Amino acid sequence: MTVEKSLEEKQKMAHDRANELKDTIADYREALKDMPFGFKNWPQIQKNQKRIKEYFKASDHDWENWHWQLKNRITTPDVLKELLPIDKQELDEIKETGSKFRWAVSPYYLSLIDPDDPDDPVKKQCIPSINEYLDQEGYDDPMGEEFTSPTAAITRRYPDRLIIKVTNQCAMYCRHCQRRRGIGEQDLATPREQLEEAIDYVRNNEEIRDVLLTGGDGLMLSNQNIKWLLEEIDSIEHVEIKRFGSRTLVTMPQRVDDELCRIFSEHLPLYVITHYNHPLEVTPRAREACFKLARSGVSLGNQAVLLKGVNDDPFVMRKLNQELLKMMVRPYLIFHAKAVKGTSHFRTKVEEGIEIMEKLRGYTSGLAIPHYVVNAPFGLGKTPMLPEYLVSMGKDLLKIRTWENKVLDYEND
Ligand SMILES: *Cc1c(COP(=O)(O)O)cnc(C)c1O
């Protein structure tokens with residue numbers, strides 16, 4: 001027989017539970033005090049921008065023009081040393097690595113680097129490291145993309161959707177790039193005939209209902225070419241949605257201009273999947289670009305890559321995903337880093353990714369929780385890696401594990 005509890009008793013229990021819940025994120029709240037992020041660092045970032053503008057003798061108007069950002073990308077140690085404190089040895093290493101792997105950083109992205117932090121997570125993603133040069137482990141094409149390309153510009157690995165690579169160009173060349181093989185010395189937009197061939201392929205295969213435009217970076221195309229592509233694709237009745245894959249929202253948010261937004265708003269439903277890896281990249285300027293796209297009706301998602309020394313920390317990842325939601329970007333994927341040549345120093349163990357997922361579920365909004373995936377060998381597809389919440393499965397009784405690690409019976413009848 002249970003005795004009905006009084007209202008006071010019930011409220012006392014709720015208060016106790018609330019305090020217990022508060023305690024589960026006390027360590028996170030403490031960690032935030034020392035964690036750098038874009039909104040916190042913005043005054044410092046603005047100082048950096050002022051310095052960089054002075055060096056280039058650029059106006060605010062220039063800075064806000066994405067063509068200016070592209071044209072003035074930092075690509076040589078000589079310019080870099082004027083803008084960041086870098087010692088002779090590191091400059092030599094950059095020179096050496098740069099002879100083997102291309103690099104280019106937009107002035108905007110460079111401004112996010114904290115010059116006083118030798119371990120800066122933004123710097124690690126954009127400035128070449130000697131580890132790339134020394135890497136003997138990785139493969140050129142671990143995803144086997146060459147075997148999943150029915151026509152030149154297409155990668156098809158799934159029943160109802162495919163990728164069209166519209167260019168090999170990017171605003172910034174990520175040090176962890178998983179498609180390094182395709183990023184040569186030259187910027188190449190995919191030739192018009194190849195794009196037409198790809199569109200014909202989609203037209204002739206009625207099961208394709210989702211087309212991803214990527215590269216390189218899908219938003220490196222001109223507005224005019226983007227308009228043409230979207231018009232062509234929208235003329236295919238069986239295509240239901242389009243997606244753009246782009247890192248420009250991170251590395252060059254100036255790309256999101258009025259004309260692009262107008263074109264996008266005429267071609268909904270459209271998803272832009274971006275690639276933020278660290279809360280430092282989520283800045284007031286980035287938010288402006290994301291809001292602008294959102295106001296045009298575009299849905300925004302994020303795919304991060306799990307990178308050692310950048311975001312292989314459950315608290316950094318939690319903060320990143322919370323910061324993304326603040327600018328209307330829904331965390332979508334965390335990729336496990338593949339064994340691409342030149343990137344082995346970024347690789348983590350899968351266990352670390354699973355631990356990050358374990359520290360998300362329950363501790364923060366479900367909306368802030370992406371899927372953690374490994375790319376199966378031979379281009380066989382993204383495969384989710386999850387902490388186990390189903391402990392055992394009897395016919396009428398399950399054992400489940402909650403986010404707080406409480407194991408309970410759950411009736412399944
Ligand atoms: C990642 C990817 C997709 C999209 O997969 P989703 O799980 O739908 O996001 C489609 N085609 C290829 C070749 C891909 O690598």
Side-chain angles (χ1 to χ4, degrees), residues 101 121-122 124-126 129 131-132 135-148 155 157-158 161 163 170 173-183 212 214-215 217 243 245-247 250 273-281 301-324 329-361 363-364 366 368-389:
F101 295 111
V122 172
K124 283 182 185 165
Q125 294 180 71
C126 64
S129 140
N131 292 318
E132 299 174 41
D135 182 11
Q136 298 295 325
E137 281 175 42
Y139 307 95
D140 285 335
D141 180 20
M143 291 192 281
E145 287 197 331
E146 280 162 12
F147 302 99
T148 50
T155 305
R157 283 196 213 138
Y158 296 106
R161 57 205 186 280
I163 283 178
C170 289
Y173 292 102
C174 302
R175 304 332 297 162
H176 55 277
C177 181
Q178 307 276 290
R179 292 226 175 95
R180 293 199 138 181
R181 186 172 44 85
I183 311 297
L212 282 74
T214 174
D217 190 309
R243 311 190 222 179
S246 175
R247 211 184 177 201
V250 186
I273 308 297
T274 178
H275 174 180
Y276 289 91
N277 284 329
H278 193 280
L280 260 175
E281 297 168 334
N302 187 65
Q303 40 194 47
V305 183
L306 178 56
L307 299 171
K308 189 186 281 177
V310 174
N311 59 16
D312 59 336
D313 175 303
F315 290 163
V316 168
M317 234 7 144
R318 194 187 296 172
K319 181 63 173 168
L320 169 65
N321 291 314
Q322 291 172 345
E323 291 294 285
L324 289 172
V329 179
R330 169 79 157 92
Y332 176 46
L333 294 175
I334 297 176
F335 278 110
H336 187 71
K338 296 170 282 266
V340 175
K341 189 165 280 169
T343 67
S344 295
H345 58 295
F346 284 120
R347 296 196 77 207
T348 66
K349 303 284 275 184
V350 170
E351 297 89 291
E352 293 172 60
I354 291 176
E355 175 66 12
I356 284 170
M357 297 310 292
E358 173 84 31
K359 292 280 168 59
L360 286 172
R361 175 63 64 192
Y363 294 92
T364 193
I369 306 180
H371 307 282
Y372 172 49
V373 297
V374 304
N375 260 302
F378 316 114
L380 288 175
K382 299 181 183 73
T383 308
M385 298 286 116
L386 283 168
E388 196 57 78
Y389 293 100

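In this text the structure is predicted, and so the values were computed from the model without any measurement.
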Provide the closest heavy-atom pair for [X] versus [Y] in the form atom of the first, atom of the second, distance.
X      : Y      : result
Asp312 : Thr348 : CB-CG2, 3.9 Å
Phe101 : Gly342 : CZ-CA, 4.0 Å
Arg243 : Tyr332 : NH1-OH, 3.8 Å
Glu355 : Pro314 : CG-CG, 4.4 Å
His345 : Ser129 : NE2-OG, 4.1 Å
Phe346 : Lys124 : CZ-O, 3.3 Å

May I ask you to test the [X]-[Y] pair for a side-chain heavy-atom distance under 4.5 Å?
X      : Y      : value
Lys382 : Asn375 : yes
Leu386 : Met357 : no
Lys338 : Val374 : no
His278 : Leu307 : no
Ile356 : Tyr372 : no
Leu360 : Pro370 : yes
Asn131 : Ser344 : no
Asp313 : Lys319 : no

So, does [X] use its side chain to make a donor-acceptor pair with the main chain of [Y] at under 3.5 Å?
X      : Y      : answer
Arg179 : Gly215 : yes
Asp135 : Lys341 : no
Gln178 : His176 : yes
Arg361 : Lys359 : no
Asn302 : Val329 : no

Gap separating the [atom1] atom of [X] from the [atom2] atom of [Y], nearest 0.5 angstrom:
X      : Y      : atom1 : atom2 : result
Asn321 : Ile369 : CG    : CD1   : 8.5 Å
Glu281 : Leu324 : CD    : CG    : 9.5 Å
Tyr158 : Ile163 : OH    : CD1   : 8.5 Å
Leu280 : Asn311 : CG    : CG    : 11.5 Å

Q) What residue pairs, at least two apart or across chains, pass salt bridge (Lys or Arg N to Asp or Glu O under 4.0 Å) with a residue in residues 344-353? A) none

Q. With Phe335, which residues qualify under ring-ring contact (aromatic ring centres under 6.0 Å, His included), at least two apart?
A. none

**Q.** Steps toward side-chain contact (heavy atoms from CB on, under 4.5 Å) verdict (His275, Asn277)
**A.** CA-CA 6 Å; His275 174 180; Asn277 284 329; 2.9 Å; yes

